[in-house]
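The figures here come from the full heavy-atom set of this structure, side chains too, leaving out hydrogens, waters and symmetry mates. As the structure lists them, so they are numbered: ligands from 1, and atoms in each ligand from 1.
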Amino acid sequence: MVDIRILTIFPGIFDSFLSFGNPARAIKAGLLSVQTVDLRDFTDDRHRSTDDYPFGGGTGMIMTPGPVVRGIRYLKAVMGSPAVILMTPHGRLFNQNLAEELARKDGIAFVCGRYEGFDERIRAFVDDEISVGDYVLSGGETAAMVVIDAVVRLIPGVLGADSHERGESFYNGLLEYPQYTRPRSFEGMEVPAVLLEGHHEKIRIWRKKQALARTLERRPDLLRDRVLDREEQKLLDEIRQEMTNGE
Ligand code: ADE
């Protein structure tokens with residue numbers, strides 16, 4: 001059972017996300033528990049405020065450390081030793097490897113902020129910071145949903161037994177090969193013949209080559225970080241050869 005708790009001023013934002021699809025199924029099956037914790041419960045003023053003006057001036061409001069740190073202390077007390085993760089655009093860029101790392105944890109506490117950022121001193125109380133991309137969201141909540149969604153899919157038993165299903169686009173660190181379903185002919189576009197012939201080894205090689213070609217074209221950065229086996233190297237050489245021949 002993966003125990004996830006989310007510290008946020010908008011607990012309700014997670015309701016529909018957790019009511020559908022894989023997250024709902026994982027919760028129902030007892031493989032996952034997700035609880036939101038209202039950051040305002042840890043405020044100590046009449047207005048239940050969680051933000052304040054930046055010292056030194058400037059626009060925007062900053063998450064004040066008191067409620068966040070009290071919230072983190074509470075989560076640590078009730079969860080044992082969770083990984084405490086601050087959602088910010090300054091964090092480690094989220095990817096499938098990081099999702100796999102998180103899926104191995106027993107407990108994860110996500111700390112979501114609104115406003116222009118967190119008081120720097122909050123960083124002393126967290127284990128990690130995650131960004132879901134180089135853009136600024138209105139708050140960490142939607143980012144936490146992205147991370148939770150990717151993690152849920154990796155919890156054994158949530159998807160089908162076939163572990164390949166879990167990788168999909170990033171199985172083996174490559175983009176996925178093209179997929180087709182019925183009809184065979186759609187608006188003049190045909191399903192590649194190799195997929196209709198039932199020759200499994202040919203299909204496997206075709207798919208691997210397509211995955212490599214697609215990755216080379218769209219995400220060459222993924223190939224740079226990857227060790228290729230002999231078959232992949234051979235297919236990649238073929239692809240490069242075909243490209244120089246203008247095929
Ligand atoms: N909060 C605001 N923007 C974010 C981002 N890109 N990733 C994670 N948390 C955020």
Side-chain angles (χ1 to χ4, degrees), residues 2-18 21-23 32 34-43 48-56 58-76 79 82-105 107-155 169-170 218-219 221-222 225:
V2 181
D3 179 10
I4 292 178
R5 315 227 187 169
I6 308 156
L7 192 61
T8 169
I9 58 164
F10 292 141
I13 221 173
F14 292 89
D15 291 349
S16 76
F17 167 66
L18 296 171
N22 288 328
L32 171 73
V34 182
Q35 290 175 50
T36 52
V37 175
D38 191 343
L39 183 62
R40 292 202 196 276
D41 291 347
F42 303 94
T43 55
R48 309 228 295 160
S49 48
T50 55
D51 64 329
D52 209 336
Y53 295 95
F55 276 122
T59 52
M61 301 292 274
I62 306 299
M63 300 295 291
T64 190
V68 175
V69 170
R70 282 191 289 276
I72 291 172
R73 288 208 171 105
Y74 163 79
L75 289 174
K76 284 182 176 168
M79 294 176 77
V84 179
I85 294 172
L86 198 62
M87 301 309 298
T88 78
H90 312 278
R92 282 162 82 189
L93 205 51
F94 188 60
N95 61 18
Q96 194 69 24
N97 285 338
L98 192 39
E100 280 165 20
E101 198 181 301
L102 292 177
R104 289 192 288 270
K105 307 234 180 261
I108 310 171
F110 290 102
V111 181
C112 301
R114 289 264 142 186
Y115 319 110
E116 299 308 308
F118 293 96
D119 182 290
E120 190 62 25
R121 293 163 293 185
I122 290 169
R123 297 201 151 84
F125 298 86
V126 307
D127 300 306
D128 211 346
E129 282 180 50
I130 292 180
S131 164
V132 294
D134 292 333
Y135 39 78
V136 181
L137 300 168
S138 305
E141 289 81 3
T142 44
M145 286 185 229
V146 167
V147 173
I148 293 166
D149 191 4
V151 168
V152 162
R153 302 169 50 78
L154 297 171
I155 300 173
S169 282
F170 283 95
R218 301 188 190 180
R219 294 291 307 277
D221 56 302
L222 295 176
D225 308 335

Notebook entry, point to check: More than 12 foreign heavy atoms under 6.0 Å from NZ of Lys76: is that the case here?
Noted result: yes

Checklist line | Amino acids in close contact with ligand 1, where any non-hydrogen atom sits under 4.0 angstrom away | finding: Met87, Thr88, Pro89, Ile130, Ser131, Val132, Gly133, Tyr135, Val136, Leu137, Gly139, Gly140, Ala143

Notebook entry, point to check: Under 4.5 Å between any side-chain heavy atoms of Val146 and Ile148, yes or no?
Noted result: no

Margin query: Let's go through Leu154 and Val152 carefully: what are the C-alpha distance in whole Å and the side-chain angles of both, what is the deciding distance for side chain to side chain contact (heavy atoms under 4.5 Å, CB included) to 0.1 Å, and is it a yes or a no?
Written below: CA-CA 5 Å; Leu154 297 171; Val152 162; over 6 Å; no

Next item on the list: For atom CZ of Arg123, decide whether the heavy atoms of other residues, nucleotides or ligands shown that lie under 6.0 angstrom number more than 12.
Entry: yes

Next item on the list: Could you tell me whether Tyr74 atom OH has more than 12 heavy atoms of other residues or ligands within 6.0 Å of it?
Entry: no

Notebook entry, point to check: Okay, side chain of Arg5, backbone of Ala109: is any donor-acceptor separation there less than 3.5 Å?
Noted result: no

